[in-house]
Number of protein chains: 2
Amino acid sequence: MVKQKDKVIHTKSACDRSLAGVRDALYVLNGKWKLPIIIALSEGPSRFKDLQRRVEGITPKLLSKELKELEQNEFVVRHVYPQTPVLVEYELTEYSRSLDDIIQAMADWGFQHRARIQSR
Amino acid sequence: MVKQKDKVIHTKSACDRSLAGVRDALYVLNGKWKLPIIIALSEGPSRFKDLQRRVEGITPKLLSKELKELEQNEFVVRHVYPQTPVLVEYELTEYSRSLDDIIQAMADWGFQHRARIQSR
DNA sequence: CAGGATCCATTATGATACTG
DNA sequence: CAGTATCATAATGGATCCTG
């Protein structure tokens, strides 16, 4: 932000910056499943089937696809233990912890919002 | 959480609660446009066309649809001033401010994430 | 200006089955 | 168990035209 005589010139407004940030975040966290999966995994590493149970309502196809994306964004690691039958575990990365603030904020808000809705 | 002999019975884990909250929040904020629109409106009331310019990339069809949903969730009010041509302004409600924490958290995270990505 | 209507292409999500 | 394959529907996106 630069002042010039009496005019204020916004080279980049606070709003633009937060817009860019939010868009970047939404780009990575898109869809209705990414955060729920991460939350489910925050209880500890989990196998595919167990994860599917924890994240209620998700189909294997979607879970598989979302896990791949989460892996690419380095939120999740996939461990394969070659046995019969094979055992696969998904685990959160250290970096996934950086999402804690977002998750906390959303969880709090959702909780309040539900109370608000129900009181009517 | 209730202890019973040696077993621990989770009536509702912290994870379940945050999962429910996040799902409620995602339900209301779904899609890639809701938050960007709210951020754009945080600069002040705006007319349809101006809003479309601020929220880069959105088509009138989508903007119209999203605004209706935002209205229903009481984040936005629509003011109509009967003139020729008619003037319509969209404005944030007081309640929309409750989303500030979420927006802030996402904006911060997006900013950090971008830096992280670019440094590689 | 503020949108709605239409047509079409691409994604996203979902239900069900099936394989190694 | 850990997914993939198939099919169907819904949501979203883009272009263009239209109306009060």
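Proteins come first, then strands; the chains are lettered A, B, ... in the order of their sequence lines, and each starts at number 1. As the structure is a computational prediction, the values presented were derived from the model and not from experiment.
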Which of these nucleotides, [options], is closest to any side-chain atom of [X]?
X       : options              : answer
A:Tyr90 : D:dG13, D:dG3, C:dG3 : D:dG3
A:Glu66 : C:dG4, C:dT13, D:dA2 : C:dT13
B:Ser64 : D:dA2, C:dG3, C:dT13 : C:dG3
B:Leu62 : C:dC1, D:dT4, D:dG13 : D:dG13

Q: Could you check B:Glu89 against A:Thr59 and say which one's nearest nucleotide on DNA chain C is further toward the 5' end?
A: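 Looking at DNA chain C, the more 5' nearest nucleotide goes with B:Glu89.
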
Q: Hey, which sits more toward the 5' end of DNA chain C by its nearest nucleotide, A:Pro60 or A:Pro85?
A: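 Taking each residue's closest nucleotide, the earlier one in sequence belongs to A:Pro60.
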
Q | Close residues, residues 32-41 of chain B, relative to DNA chain D [heavy-atom separation under 4.0 Å] | A |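 When residues 32-41 of chain B is checked for heavy atoms under 4.0 Å from DNA chain D, the hits, listed by number, are B:Lys32, B:Trp33.
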
(Q) Let me check something: do A:Leu67 and A:Leu87 share a hydrophobic cluster, defined by ILVMFWY side-chain heavy atoms less than 4.5 Å apart, either directly or through other members? (A)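 The answer is no; the residues belong to distinct hydrophobic clusters.
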
Within less than 4.0 Å of OP1 or OP2 of [N], is there a side-chain N or O belonging to [X]?
X       : N      : answer
A:Arg47 : D:dA2  : yes
B:Arg78 : C:dG3  : yes
B:Lys65 : D:dA11 : no

Q: Using the six-membered ring wherever Trp is involved, compare the ring planes of B:Trp109 and A:Phe75 and label them parallel, tilted or perpendicular (cut-offs 30° and 60°).
A: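 The arrangement is tilted - the two ring planes meet at 30° to 60°.
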
Q) For B:Asp50, which of B:Arg54, B:Arg53, B:Arg47 qualifies under side chain to side chain donor-acceptor pair (under 3.5 Å)? A)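 Result for side chain to side chain donor-acceptor pair (under 3.5 Å) with B:Asp50: B:Arg53.
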
Has the side chain of [X] got a donor or acceptor atom that lies under 3.5 Å from a matching backbone atom of [Y]?
X       : Y       : value
A:Asn30 : A:Tyr27 : yes
B:Asn73 : B:Leu70 : no
B:Lys65 : B:Lys61 : no
B:Ser46 : B:Leu51 : yes

In whole angstroms, how far is the [atom2] atom of [N] from the [atom1] atom of [X]?
X       : N      : atom1 : atom2 : value
B:Glu69 : D:dA11 : CD    : C1'   : 11 Å
A:His79 : D:dG3  : NE2   : P     : 13 Å
B:Ile58 : C:dG3  : CD1   : P     : 13 Å
B:Gln52 : D:dA15 : CD    : P     : 12 Å
A:Leu67 : D:dG3  : CG    : C1'   : 11 Å
A:Leu87 : D:dC1  : CG    : P     : 10 Å
B:Asn30 : C:dT11 : CG    : P     : 20 Å
B:Phe48 : C:dG3  : CZ    : P     : 5 Å

Q) Base, sugar-phosphate alone, or nothing: which one does B:Tyr81 contact when heavy atoms must sit under 4.0 Å apart? A)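 B:Tyr81: no heavy atom of the nucleic acid under 4.0 Å.
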
Q.
Classify A:Gly31 by what it touches in the nucleic acid, base, sugar-phosphate, or nothing, heavy-atom distance under 4.0 Å.
A.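 The answer is sugar-phosphate, as A:Gly31 gets under 4.0 Å only of primed atoms, P, OP1 or OP2.
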
Q.
My understanding is that only residues two or more places apart in sequence, or in another chain, count here; which of them pass side chain to side chain donor-acceptor pair (under 3.5 Å) with B:Glu74?
A.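 Expected list: A:Arg116, A:Arg120.
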
Q. Do B:Ile58 and B:Ile37 come within less than 4.5 Å of each other through their side chains, counting heavy atoms only?
A.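 With C-beta onward as the side chain, the pair touches.
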
All N/O contacts under 3.5 Å from nucleotides 8-10 of chain C to the protein, with atom names and distances to one decimal?
none

Q. Considering all heavy atoms of both residues, which atom of A:Thr93 and which atom of A:Val76 are nearest to each other, and what is their separation?
A.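 In terms of heavy atoms, the two residues are closest at CG2-N, 3.7 Å.
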
